[in-house]
Amino acid sequence: MKHLLLLVGLLVASLSASSQTTSTTSSRPDSPAQFLGYKIGERFSPHHRVIAYAEQIARQMPSRVKLLPYGTTYEGRQLMAVAVASEANLARLEEIRTNNLKRIGMVDGQPSSASQPPIAWLSYNVHGNEAVSSEAFMEVLYRLLDTSDPVSQKIMNTTVVILDPGLNPDGHDRYVNWYNQMLGQNPDPTPFAREHNEPWPGGRYTHYLFDPNRDWAWQTQEITQQRMALYQQWMPHLHGDFHEMGVESPYYFAPSAKPYHEDITPFQRQFQQTIGQYCSRYFDKNGWLYYTRERFDLFYPSYGDTYPTYNGAIGMTYEQGGNTRAGLAIERKDGDTLTLRQRIDHHYVASIATLESVADRPAEVVKEFGQFFDKSRNSPIGPYKSYVVKANGDAGRLKALQQLLDRNKITYGYAGKAQTLNGFNYTSQKNEKSVAVAAEDMVISSYQPKSTLLKILFEPNSALEDSATYDITAWSLPYAFGLQTYGLTTKLTPSSTQPAASSKPSSSTVTKPYAYIAQWQSLPAVQLLAGLLKQKVRVRAAEKPFELDNKTYPSGTLIVTRAGNERFGDRLDALVRAEASKVGADLTPVQTGFVTKGSDFGSDFVTGLKAPRVGLVIGDGTPPPSAGEIWHFFDQELNYPISLLDGNTLGNVEWNKLDVLILPTNYNYARFLNDKNLLAIKEWVRAGGKLIALERATSFLAGKDGFDLKEKEDKSGKDKDKGKGNPADSLKVYGDRERVAISDETPGSIYRVNIDTTHPLGFGLSGGYYTLVQNTFNFDFLKDGWNVGYLKTDNYVAGFSGKNAKDKLKNTLLMGVQNYGRGSIVYLADDPLFRGFWYNGKLLFGNAVFMVGN
Ligand SMILES: [Zn+2]
């Protein structure tokens with residue numbers, strides 16, 4: 001096959017912008033090679049050089065190119081998109097942008113009568129170690145400015161192009177810096193050579209090891225928040241997202257695989273085909289292999305293809321074979337060598353083909369986009385025409401949801417007056433006749449530009465046309481946030497944009513209170529506790545509910561008394577109030593510790609909380625996001641210290657310097673937690689330490705000496721098939737193997753958890769707890785320990801759960817606590833911090849860290 005590759009090289013040369021002509025005219029800007037000093041494909045470019053090239057082009061062609069800087073990464077790298085257009089369009093770029101928003105109702109005002117070009121946005125390198133697309137960016141930019149090229153001319157005459165050279169610069173440079181250090185004078189194509197095996201955690205992820213291509217809707221990461229703010233200002237008609245996959249795979253472009261979300265419009269489906277036709281035309285001409293309609297689906301809403309799709313655009317994923325492993329050259333199984341140059345060519349050609357597909361039908365693309373938003377505003381899809389979210393006195397939860405809606409430009413308001421309506425109750429999963437709506441309840445109307453996105457983020461259960469998907473299958477926000485929500489089939493317009501004035505007595509009336517009280521009900525309370533403990537303020541928690549000043553406080557309520565905090569003197573009040581206002585936690589000052597019901601503040605049932613010294617085991621074997629979510633939670637959300645401990649050096653840990661040890665999923669625990677280390681950890685727990693095991697760490701510990709957790713014996717499978725007719729009838733069919741395999745899986749579905757809210761691990765979760773189940777370990781109930789969260793027989797709520805998985809998820813333990821000596825072990829079978837968006841899990845995790853075992 002080598003001769004074919006040679007031929008391809010020649011064909012690409014004629015297409016490629018990097019082919020150097022000696023007769024550079026003054027109207028041409030620097031080519032990438034002129035600027036960089038090497039030809040594209042000869043090496044990987046660090047992010048700052050890619051940005052510098054864009055800046056150079058913008059300097060040389062100010063009438064065609066405009067830089068759109070939009071922020072910096074956690075590690076301080078520049079985030080920047082680049083707008084490329086004809087001179088005429090660039091001169092009125094701001095008008096084009098605002099006109100587009102006016103046309104779809106996202107800003108007020110009449111759009112001007114000037115014609116509206118489509119805005120096509122290509123995003124490169126969201127996964128940092130899929131680094132070739134940033135190289136392709138430079139060639140695409142250069143090509144679009146080639147006035148002698150008819151395809152570029154056609155695109156520029158009709159379309160405004162926005163290119164983002166690198167969505168994840170921290171990850172990109174993590175990969176490129178590493179790779180360049182590994183490289184000798186000539187690349188070594190041997191697949192098992194060092195340069196093809198990137199060490200943990202790899203450049204795919206953000207600084208905090210989040211997957212940035214799972215974050216489009218949730219926007220937990222700074223890079224996503226800043227990029228999405230820019231995205232909402234432009235609202236492109238088309239969005240392409242460029243990736244890489246395994247070395248042996250050739251190239252993937254649209255149409256996508258099933259499942260498609262049911263709300264993807266006929267036009268959007270049809271355009272998937274159009275993209276496929278445009279790309280395949282060039283790929284066929286070059287003799288390149290590719291595939292479509294497999295593996296990459298359109299369902300989970302937080303990808304770079306689905307998110308734009310649910311925002312009215314044509315959204316696609318492109319995947320080149322290569323990824324972290326390919327480097328400058330790698331030998332494939334068929335003996336051919338895959339080079340960086342080839343990988344760049346494919347993304348480059350797919351980029352141009354995609355832009356051309358829009359340039360050939362600009363009016364149709366703009367018209368369809370407009371119709372999508374007309375429909376959104378006037379006859380929104382889905383059964384619910386409005387949603388009511390109960391305030392229930394928990395400002396923290398509501399505020400967090402509102403922040404997510406704000407970032408997605410979904411508008412909301414408040415009911416403004418009490419009324420009774422019919423609605424679907426998310427908690428009971430039933431339609432109810434008399435839903436009492438209070439004035440301060442939040443109301444979200446579906447009659448708005450973003451109603452498709454709203455519908456998909458709020459749908460109680462997402463219809464899955466085909467269960468073999470790539471990702472989680474349920475994400476319904478009312479469950480993720482643990483907020484009591486109703487879907488109404490009638491239109492309810494919010495009567496005010498501001499919440500009703502609070503009737504609470506102002507806390508400023510009490511200047512020198514006996515104590516401050518904060519309810520333990522959502523993340524702000526955990527943040528407040530972390531902030532106070534960090535400042536060495538003594539904080540206590542009420543184990544039992546109590547009543548004071550005619551108000552009931554639930555278990556877990558935080559109490560800061562003057563007693564025990566004498567050393568702060570008069571500074572205590574300002575300090576506590578400042579910490580509370582910083583995180584938006586509600587604080588109630590009281591003049592007495594003598595309660596009307598429950599335990600007085602001096603009681604043994606009001607426990608002093610320690611400021612735990614926390615360690616987290618990370619390192620190879622951990623799926624990076626599993627550890628990153630916990631790191632991000634402590635560092636960014638709590639601003640509370642956490643020590644990251646490399647699993648390979650656990651033998652060096654001085655255990656008596658830690659109070660809490662967190663074990664996320666890891667596939668190397670057999671090595672990290674060898675007999676010696678495990679013994680040391682058990683001794684440490686016995687002496688008062690707290691071990692928190694998540695997901696696969698629980699199944700690793702299950703059944704081991706000293707750990708009470710046990711997996712159930714699996715009898716079901718063996719008995720079931722016995723004595724049931726002809727054995728030949730139940731033989732496996734090879735072609736069905738993927739479908740059969742998923743009957744054991746639950747790739748992310750929602751279950752209602754039965755919670756013991758009297759246990760510290762369940763504090764604050766009296767409104768119910770829904771978990772995103774991704775594991776089916778099937779644990780027995782703890783005989784001696786506390787079974788705090790478990791599933792009974794009918795706790796399934798939403799998402800795909802295979803038949804066998806559903807059987808396993810009956811009468812099973814999800815969250816348990818074992819007392820061990822003076823310490824405790826917390827088992828969490830699921831990941832409460834999943835992708836940082838499962839808001840209710842943050843309180844649960846806060847319980848595990850701060851409340852359990854005091
Ligand atoms: Zn990717």
Side-chain angles (χ1 to χ4, degrees), residues 44 47 50 73 79 121-137 163-176 178-179 196 198 200-218 220-221 223-224 227-228 239-254 256-257 275 279 290-292 294-309 315-327 330 338 340 342-344 346-348 350-351 354 469-472 623-626 628 747 835:
F44 283 104
H47 178 72
V50 179
T73 68
L79 294 165
W121 181 312
L122 304 183
S123 283
Y124 297 112
N125 204 193
V126 64
H127 290 138
N129 59 9
E130 302 169 6
V132 309
S133 62
S134 287
E135 310 290 338
F137 153 78
L163 306 171
D164 188 333
L167 277 65
N168 178 15
D170 293 348
H172 172 91
D173 280 2
R174 195 180 312 139
Y175 171 73
V176 169
W178 166 80
Y179 180 77
H196 302 297
E198 193 187 9
W200 193 90
R204 175 182 176 92
Y205 305 97
T206 66
H207 174 78
Y208 282 101
L209 309 181
F210 276 60
D211 186 328
N213 196 38
R214 304 293 184 274
D215 196 39
W216 285 73
W218 323 132
T220 66
Q221 300 295 286
I223 56 170
T224 324
R227 186 181 71 251
M228 296 317 291
H239 181 265
D241 193 24
F242 290 78
H243 290 259
E244 287 184 78
M245 56 187 164
V247 167
E248 299 299 330
S249 301
Y251 198 91
Y252 161 85
F253 47 73
S256 290
I275 297 283
C279 288
Y290 56 87
Y291 69 88
T292 65
E294 287 170 38
R295 235 184 115 206
F296 302 101
D297 60 69
L298 290 174
F299 194 60
Y300 171 75
S302 215
Y303 287 135
D305 51 13
T306 47
Y307 184 89
T309 302
M316 283 104 17
T317 289
Y318 303 81
E319 296 270 356
Q320 163 63 42
N323 208 326
T324 164
R325 292 203 62 226
I330 190 166
L338 174 68
L340 176 59
Q342 292 162 347
R343 289 152 66 204
I344 296 168
H346 301 164
H347 269 341
Y348 163 71
S351 297
T354 299
T469 171
Y470 203 53
D471 213 290
I472 62 167
S626 308
R835 292 181 187 165

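Every number for a ligand or one of its atoms is a count from 1 in the order of the listing.
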Angle between ring planes, Y318 versus F242, binned at 30° and 60°: parallel, tilted or perpendicular? parallel
Test ring-ring contact (aromatic ring centres under 6.0 Å, His included) on Y175 and F44 and set out the steps. CA-CA 10 Å; Y175 171 73; F44 283 104; 5.5 Å; yes
Any side-chain heavy-atom pair from C279 and Y251 closer than 4.5 angstrom? no
Under the 3.5 angstrom rule, does the side chain of E198 hit a backbone N or O of G203 as a donor-acceptor pair? yes
Taking the six-membered ring of Y307 (Phe, Tyr or Trp), confirm whether the NZ or CZ of R227 is under 6.0 Å from its centre and within 45° of its axis. no
Parallel, tilted or perpendicular, as decided by the 30° and 60° cut-offs, for the rings of H127 and H243: perpendicular
Atoms of protein origin (N, O or S) under 2.8 Å from the Zn ion (ligand 1): H127 ND1, E130 OE1, E130 OE2, H243 ND1
